[in-house]
Engineer: 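Below is a structure I'd like to ask you about.
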2 protein chains.
Amino acid sequence: MARWQPGAPDRLQQAAMELFAERGFEATTVADIAARAGVTERTFFRHFADKREVLFFGQDLLQSAFVGAITDAPEGMSAIALVSAALEAGAKGLQEARGQSHARARDAIISANHALQERELLKLAGLARAVTAALVARGVAPARARLAGDLAMAAFAAAFQQWVESGQTRDLTDLVHEATSTLRDIATS
Amino acid sequence: MARWQPGAPDRLQQAAMELFAERGFEATTVADIAARAGVTERTFFRHFADKREVLFFGQDLLQSAFVGAITDAPEGMSAIALVSAALEAGAKGLQEARGQSHARARDAIISANHALQERELLKLAGLARAVTAALVARGVAPARARLAGDLAMAAFAAAFQQWVESGQTRDLTDLVHEATSTLRDIATS
DNA sequence: GCACTGATGTCAGTTACTGTCATCGCGTAC
DNA sequence: GTACGCGATGACAGTAACTGACATCAGTGC
């Protein structure tokens with residue numbers, strides 16, 4: 001008999017999502033989460049840097065999708081084309097990774113709390129920097145790459161919000177294309 | 001004789017900036033800040049919602065500059081033209097408000113700490129939403145306005161970073177123009 | 001069998017933040 | 001000029017996030 005059940009991080013994340021959905025983020029203590037997952041509070045903090053981080057598990061997968069698409073793109077593409085490829089890969093990855101209902105539940109929790117929105121913005125900025133670095137590696141000038149990275153995240157965030165609000169009746173990839181097109185339209189008007 | 005010295009918020013902010021610069025954000029306790037400002041810890045939290053907020057005092061002025069420029073702009077301007085006007089007003093306001101050295105010192109403190117960067121991103125997102133709302137009030141379609149607001153903040157943040165890194169030898173307004181121009185260039189390439 | 005590793009439990013401690021009540025200078029009404 | 005209320009503060013107790021140090025114990029390699 002094993003001394004402890006494996007998969008503590010997953011159990012903790014699930015317990016946290018349930019409790020946040022039931023009582024809200026602030027009304028849930030880390031001790032509550034740990035108890036439901038069958039571990040101690042100290043173990044929670046061994047797996048997650050802080051209470052908020054438990055909701056941002058696996059964002060590195062999304063980052064890999066973005067960066068990989070840029071790195072693997074054929075030669076001779078413009079910055080905006082590289083960004084489009086990255087967004088498409090990210091949209092596909094997000095739709096496959098956890099499923100639509102999970103994304104929606106998670107979004108509802110985050111939207112209900114300022115501290116969580118703050119963390120999400122930090123993660124989004126991290127993605128933007130990763131895209132920027134990938135673009136620089138492809139020869140895009142740093143100042144240009146930074147703006148392109150921010151632009152990519154603006155389009156992705158806008159598309160994601162519409163996706164969630166639409167009840168997922170729309171395809172995320174289509175929404176990303178629309179957002180990119182709108183951005184182009186704004187800049188050239 | 002007054003029972004307490006006036007201007008507690010200002011004294012607290014100055015004490016916090018000094019201590020953060022000397023020891024760093026995490027190594028400074030709220031009790032330290034309060035002691036240097038000559039008040040108690042409890043008074044600190046009466047003026048600032050949390051320890052980080054003390055560094056973000058007066059961002060509403062910047063927001064007013066952005067929003068006012070959009071609201072007061074002449075009729076018939078495109079979304080990108082309204083955004084440009086807002087950015088110009090913001091750049092001017094920032095250069096006049098506190099001075100360059102203050103902006104640089106503050107930026108150094110924030111750059112050295114993740115939690116503070118997180119808060120800054122939240123403030124920036126708040127500005128983006130304010131710009132979005134002002135654009136909607138001017139008749140821009142919501143989805144378009146959201147992207148334009150994010151675009152504005154991307155340009156402003158990029159220009160601000162270059163301004164700080166350049167040692168302020170360059171004019172912020174010029175850098176904002178360059179960033180806007182680069183954005184247009186990316187979108188149309 | 002035995003040392004070693006790795007995930008966990010235990011426990012004490014710091015600090016951010018909050019709720020509540022007391023204090024007291026100052027202006028205002030009367 | 002005195003009573004009254006207001007507003008900013010102090011005092012103090014309490015909660016919960018997070019950290020460091022040490023103990024525990026199943027499995028693993030030798």
Side-chain angles (χ1 to χ4, degrees), chain A residues 1-57 109-110 112-120 122-123, chain B residues 1-57 109-110 112-120 122-123:
Chain A
M1 176 88 187
R3 191 185 170 201
W4 61 80
Q5 299 300 318
D10 287 324
R11 286 195 332 267
L12 283 165
Q13 197 198 20
Q14 185 168 352
M17 290 256 320
E18 291 170 9
L19 288 168
F20 292 165
E22 290 169 14
R23 319 177 190 170
F25 177 75
E26 287 185 0
T28 303
T29 70
V30 174
D32 292 336
I33 302 169
R36 181 167 294 201
V39 295
T40 61
E41 197 179 343
R42 191 68 184 85
T43 293
F44 178 94
F45 288 109
R46 285 199 177 96
H47 291 287
F48 304 102
D50 57 52
K51 184 183 167 186
R52 285 176 277 170
E53 202 66 19
V54 69
L55 275 177
F56 299 85
F57 199 46
I109 293 170
I110 293 174
N113 185 273
H114 268 158
L116 291 173
Q117 292 167 36
E118 218 176 337
R119 178 57 51 86
E120 183 160 68
L122 187 69
K123 298 297 184 185
Chain B
M1 174 91 187
R3 193 186 168 200
W4 60 79
Q5 298 301 316
D10 287 323
R11 286 194 333 269
L12 282 165
Q13 195 198 20
Q14 185 169 351
M17 290 253 323
E18 290 170 11
L19 288 168
F20 291 165
E22 291 169 14
R23 318 175 191 170
F25 177 76
E26 288 186 359
T28 303
T29 70
V30 175
D32 293 335
I33 302 169
R36 181 167 294 201
V39 295
T40 61
E41 197 180 342
R42 191 66 184 88
T43 292
F44 178 94
F45 287 110
R46 285 201 176 95
H47 291 286
F48 304 103
D50 58 54
K51 184 182 167 186
R52 285 177 278 171
E53 202 67 19
V54 69
L55 275 177
F56 299 86
F57 198 44
I109 293 170
I110 293 174
N113 185 274
H114 268 159
L116 291 173
Q117 293 167 36
E118 221 176 334
R119 178 57 50 86
E120 183 160 67
L122 187 68
K123 297 296 185 185

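Just so it is clear, the values below take in all heavy atoms, side chains as well, and ignore hydrogens, waters and symmetry mates.
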Engineer: How far does OG1 of Thr43(B) sit from CD1 of Ile33(B), to the nearest 0.5 angstrom?
Structural biologist: 13.0 Å
Engineer: Nearest 0.5 Å please: distance from the OG1 atom of Thr28(A) over to the CZ atom of Arg23(A).
Structural biologist: 5.5 Å
Engineer: Compare all side-chain heavy atoms of Asn113(A) with those of Phe20(A) and state whether any distance is below 4.5 angstrom.
Structural biologist: no
Engineer: Looking at Lys51(A) and Glu41(A), does any basic side-chain N land under 4.0 Å from a carboxylate oxygen?
Structural biologist: no
Engineer: Along nucleotides 9-18 of chain D, 5' to 3', which nucleotides get a B, which get an S, and which get a -, given that the test is a protein heavy-atom distance under 4.0 Å?
Structural biologist: BBBB----SB
Engineer: Measure the shortest side-chain to side-chain distance between Arg119(A) and Asp50(A) over non-hydrogen atoms and say whether it is less than 4.5 angstrom.
Structural biologist: yes
